[in-house]
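All values below come from the heavy atoms of this structure, side chains included, with hydrogens, waters and symmetry mates left out.
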Amino acid sequence: MPKEIPKAYEPDKYEDVIYRKWEESGVFQPENLKNTKGVYCNVLPPPNSNGELHLGHVSGYVVMDLMGRYQRMLGKKVLLLPGKDHAGIQTQVVYEKKIKKERNINRHDLGRDKFYDEVYDFCIDRANYMRSQEKKIGLSADWDKEKFTLDPKIVKQVLKTFVDMYNEVDAQGNRMIYRGERIINWCPRCASALADVEVEHEEQQAKLYYFTYDKNFPILIATTRLETKLGDTAVAVNPKDERYKKYIGKIYQADFCGVKLEIKIIADRNVDMKFGTGALGVTPAHSAIDWQMAQENDLKIVKVINEDGKINKNFGEFSGKTVLAAREMIVEKLKEQGLIEKEEDFINNLSVCERCKTAIEPLVSEQWFVNVDHKNFSLKKEARKAIESGKINIYPEKFKDVMLSWIDNVHDWCISRQIWWGPRIPAWYGATINKKEKIYVGADKPEGNGWVQDSDTFDTWFSSGQWAYTALGFPGGDDFKEFYPSDTMVMGRDILPFWAFRMIILSLYRTGKIPFKNLYFTGLIRDEKGKKMSKSKGNGIEPLDMIEKYGTDAARLSTIIGATPGNDMNLSEEKIAGFRNMVNKLWNISRYVITNYELQITNYELNQKKLTSADYWILQKMFMLISLVTDDLNNYQFSQAGERLREFTWNELADWYIEATKFDSGTEKNKVLGMILRDLLKLWHPFIPFVTETIWKKLSYEDFLIISKWPDVKCYLNIKYAYDINDKNSLSDFTLVVHLIKAIRNARLENKIEPSRKVKAVIHAGECVELIRRNESLIKGMRTGIEELEVKKSGEEIVGEIKIVVADVIIYLIGAIDKEKEEARIKKEKINLEKQIKIIKNKLANKNFVERAPEMIVKQEKDKLGRLEKEIGELGF
RNA sequence: GGACGGCUAGCUCAGCUGGUUAGAGCGCUACGUUGACAUCGUAGAGGUCACAAGUUCAAAUCUUGUGUCGUCCACCA
């Protein structure tokens, strides 16, 4: 056994080496695992391969890796399947910025094909870098199977889904995927349509204008967007509004700043009578609600704003102007004519593009949509069923309701994007015959000439939404057959509507099965003040910097301990440093044990006659720890499991048991310590794989810790304890010794006895006399400063000395009293005891309590009162 | 407007299905080079568990209401 171990754990000396050895040994490949029972699979969320890993990725991967390692140790055939996402719009935005900055060009300068090729290379490059980061954090994934969303086999399936859904036609001829002119969210900068979920809302200060179209128009209306009024075809009022009832149904011709409008007055119950003037100018082409009204009232739809964010043709002097310029011109003109009655400051919600934060223009455009409530197969209803029935288990549970309410409110999903990066929609348009457009939808280009492919690409979530099965090699792949549906899916709570929902609906449609059995949401990681981390604010913590500084294990712990599932967590560098200390503590415990003992690592046959109080105690604690941590992990209580492990390692093992071994005379230490260290390393391994594997190696085990078997409580149960180890309230001998030692230390400090000063102690131990005698060396050795110890069953009260009472045991410290300080200490003790006694007496004086509370509880209180009164009596009150 | 979540020690948070003297880590105070660890040890101080009412023998824990901060959804023309 090696005896030379460095004082401090230095992660960078071991991490890369160990990771490489794991990889080389093939343990990340499920096929290489021996004697497995059952399978476990987690299809890892593919990060967008256009940047680098941030803390959010890390915290998610740590959870997944933790679960994967745990399941592997349970003996399952474990597959953690990694991948990368091409991330349509986001990557295009990133790359456009890059070429603008580096080469001062835009994508049109390159042309579609060249642009695509460059972005592809860029993604591969980023993917390589990000993979190295994923390895750095210890992810035990099967890299041989890594997938990319643009892998031909995967794209083929994505296109097939599109074709299948297009060909899904109900009795009325409605397709599940259809092309149509509808109002959509348009990002002028990305020059693309966006799905509803890709739009964010930001509050902004705006002006609300009260105006009429011309001097003959009878109704005053309010708007913030005067320029869109060029496309108004109606004015809507609430049907109950007495002010406007008489106008409903009438049609007015108006001259709005030189543009002829035909305005119909319509009634709609959604109009808020209290807002503005209670009358709303309806612009069907540029507002979702108005568009809806236009459908219901058969209104004309006049497009005002173009895809480039400028005013459409046919609007005279306004045509070609930007939205803002047109607005100013109209304000000017209306003012000249005295048609603006007033302007009000007003805060409204501006819609912006989730990716580039540009203001969204709602506009009518021809796009591809998924009908989420199709008659042949209602995606939303099927998804609801899968979740409600519990086939998909959502954790934490509160997200089940979030998911369901989201499902209920979902609209048809716009899946076409006018960008270049990503798989193209497999639709071809033929030469027009008889002015009717010919369309062909199919995976491959149709026969014949003149077919032109749709220039749009897919919403990236249409592709990543199929990841759960495409990544596993659907339909024929072995992994798909063996591992689908996967066991766990982990993602940040922010992408529930984007990803979780889409994966569920698309998987149900394509495979007829749920994509995964358990869906676990993590919270978001924020800075120490609870602010969102962002590069521009400079408050982000770079995971790789932290790993370099404190080690991967510390970084992993910092994202696990203190995190409540689904709740956001604040993280600071100090916190990570704290966990570095934790890792180092474990290192030093091991260092001490390894260098001081010839540890048994194979034979744990204990000679129970030789076990000491401390031995029994730590074995019991270990038994409890294994049971509880196992339960915690089975219930996704990672933080709690981590805290238990820290508590055991630091406060029980290091502070008490290891300290005790320095004075304890037991002969079984090499076996007990061998068992404890072995199992402790196993329990810690899923959390902090590197340091545990490093120590494991120093223990000269043949196999890697990563493929060792999860601890079994059986060997702890075989020990004959003097008390019930399943009862966590039962006091072991050692617990009393701990209380005694703490009380002695406290009394010394309170009496200001110099730490170096040795004293004599006399103990009147009553029934505990044998127990105290057995543990004499501990009581003397463990920083109590006791040199001479006299243990008796009972004796005369020793007056004028420090007197400590713990349960039935009385300790006198001889010749060290500081009268004043001792009095103060006793007084404090007394107040404390009295407080407790009072509480219990009050309870017992309450007739209702004694009568109605369970007998157990009443007895507990009575016993406690007896004990406390005895103690307080001993102290002389 | 709808919903959800937080509000517990100076800070970050645990406290599940009601019964503990309300806990942890960091920070703070005092002391300490004791044979792994100063990335350490020992001992402390510090909280009307946001507020109010209710249920109960018993409430940080359950119910209702209020306040406050935050998040999401819808949407404000």
Using a heavy-atom cut-off of under 4.0 Å over every strand shown, decide if A:R580 touches base, sugar-phosphate, or nothing. base

Paired to B:U42 by Watson-Crick or G-U wobble criteria (both distances under 3.5 Å) is B:A30

Side-chain-base donor-acceptor pair under 3.5 Å for A:K662 and B:A36 = yes

Item to check | Rounded P spacing from B:C28 to B:C37 in Å | outcome: 24 Å

Open item on the list: Work out how far the C1' atom of B:U12 is from that of B:A3, and round it to whole angstrom.
Closed with: 27 Å

If pairing means Watson-Crick or G-U wobble with both distances under 3.5 Å, then the partner of B:A22 is none

Checking N1-N3 plus N6-O4 or O6-N4 for Watson-Crick, or N1-O2 and O6-N3 for wobble, each under 3.5 Å, the partner of B:U55 is none

Separation of B:G5 atom C1' from A:D401 atom CG, nearest Å, is 13 Å

Would you tabulate the nitrogen or oxygen pairs shorter than 3.5 Å linking the protein to nucleotides 20-27 of chain B?
unit_1: B:U20; atom_1: OP1; unit_2: A:K843; atom_2: NZ; d: 3.4
unit_1: B:U20; atom_1: O3'; unit_2: A:K864; atom_2: NZ; d: 3.4
unit_1: B:U21; atom_1: OP1; unit_2: A:K864; atom_2: NZ; d: 2.1
unit_1: B:U21; atom_1: OP2; unit_2: A:K864; atom_2: NZ; d: 3.0
unit_1: B:U21; atom_1: O2; unit_2: A:N832; atom_2: OD1; d: 3.4
unit_1: B:U21; atom_1: N3; unit_2: A:Q836; atom_2: NE2; d: 2.9
unit_1: B:U21; atom_1: O4; unit_2: A:Q836; atom_2: NE2; d: 3.1

* To do: Select base, sugar-phosphate, or nothing to describe what A:E754 touches, counting heavy atoms under 4.0 Å on all strands.
  => nothing

Paired to B:A14 by Watson-Crick or G-U wobble criteria (both distances under 3.5 Å) is none

At under 4.0 Å between heavy atoms, what does A:R783 touch on the DNA or RNA strands: base, sugar-phosphate, or nothing? base

In whole angstroms, the gap separating P of B:U71 from NZ of A:K398 amounts to 14 Å

- Query: Would you say the side chain of A:K838 lies within less than 4.5 Å of the side chain of A:K843, judging by non-hydrogen atoms?
  - Reply: no

Nearest heavy-atom contact between A:A747 and A:I804 is CB-CD1, 3.6 Å

> Do the non-hydrogen side-chain atoms of A:M582 and A:W650 ever get within less than 4.5 Å of each other?
Replying inline: yes

Checking N1-N3 plus N6-O4 or O6-N4 for Watson-Crick, or N1-O2 and O6-N3 for wobble, each under 3.5 Å, the partner of B:C49 is none

P atoms of B:G41 and B:G27, separation to the nearest Å:
12 Å

To the nearest angstrom, the CD1-P distance between A:I658 and B:C40 comes to 16 Å

Can you pull every protein N or O that's under 3.5 Å from an N or O on nucleotides 72-77 of chain B?
unit_1: B:C75; atom_1: N3; unit_2: A:N349; atom_2: ND2; d: 3.0
unit_1: B:C75; atom_1: N4; unit_2: A:H201; atom_2: ND1; d: 3.2
unit_1: B:C75; atom_1: N4; unit_2: A:N349; atom_2: ND2; d: 3.0
unit_1: B:C76; atom_1: N4; unit_2: A:N349; atom_2: ND2; d: 2.2
unit_1: B:A77; atom_1: OP2; unit_2: A:N348; atom_2: ND2; d: 3.4
unit_1: B:A77; atom_1: O5'; unit_2: A:T224; atom_2: OG1; d: 3.1
unit_1: B:A77; atom_1: O3'; unit_2: A:T223; atom_2: OG1; d: 2.5
unit_1: B:A77; atom_1: N6; unit_2: A:D272; atom_2: O; d: 2.6
unit_1: B:A77; atom_1: N6; unit_2: A:F275; atom_2: O; d: 3.3
unit_1: B:A77; atom_1: N1; unit_2: A:D272; atom_2: N; d: 3.3

Rounded P spacing from B:C40 to B:U48 in Å: 31 Å

Quiz item: Between A:R225 and A:E227, is there a side-chain N and carboxylate O pair less than 4.0 Å apart?
Solution: yes

Discussion item. If you define the side chain from C-beta out and look only at heavy atoms, does anything of A:K669 sit under 4.5 Å from A:D664?
Written reply: yes

query = What integer number of Å spans the P atoms of B:U61 and B:U17?
reply = 11 Å

Taken to the nearest whole Å, CZ/A:F849 to P/B:A59 is 12 Å

Residues A:T283 and A:K229: closest non-hydrogen pair is OG1-NZ, 3.2 Å

Can a donor-acceptor pair be found between the side chains of A:E573 and A:Y550 at a distance below 3.5 Å? yes

Tightest non-hydrogen contact, residues A:H411 and A:D196, listed as CD2-OD2, 3.9 Å

- Query: Does the distance from a Lys or Arg side-chain N to an Asp or Glu carboxylate O, for A:R748 and A:E754, drop under 4.0 Å?
  - Reply: no

Note: A:M403 and A:A500 closest approach over all heavy atoms is CE-CB, 3.6 Å

From CZ of A:F399 across to P of B:C4 the rounded distance in Å is 13 Å

Report task. Could you measure between the two P atoms, the one in B:C49 and the one in B:A59, and give it in whole Å? Result -> 12 Å

Mate of B:A3 across any strand shown (Watson-Crick or G-U wobble, both atom pairs under 3.5 Å) is B:U71

As its Watson-Crick or G-U partner within any shown strand, both distances under 3.5 Å, B:A77 has none

Here the distance between atom C1' of B:G19 and atom CG of A:N842, to the nearest Å, is 15 Å

Atom CG of A:L749 and atom P of B:A30 are separated, to the nearest Å, by 13 Å

By the Watson-Crick or G-U definition, both distances under 3.5 Å, B:A60 is matched with none

With a 3.5 Å cut-off and heavy atoms only, can you find an N or O donor on one side and an acceptor on the other between the side chain of A:K585 and the base of B:C37? yes

Taking the ring of A:Y14 and the ring of A:Y9, is the distance between their centroids below 6.0 Å? yes

Rounded to whole Å, the CG-P distance (A:N588 to B:U39) equals 11 Å

message: For a quick test of reading the model: is some side-chain N or O of A:N746 closer than 4.0 Å to OP1 or OP2 of B:G44?
response: yes

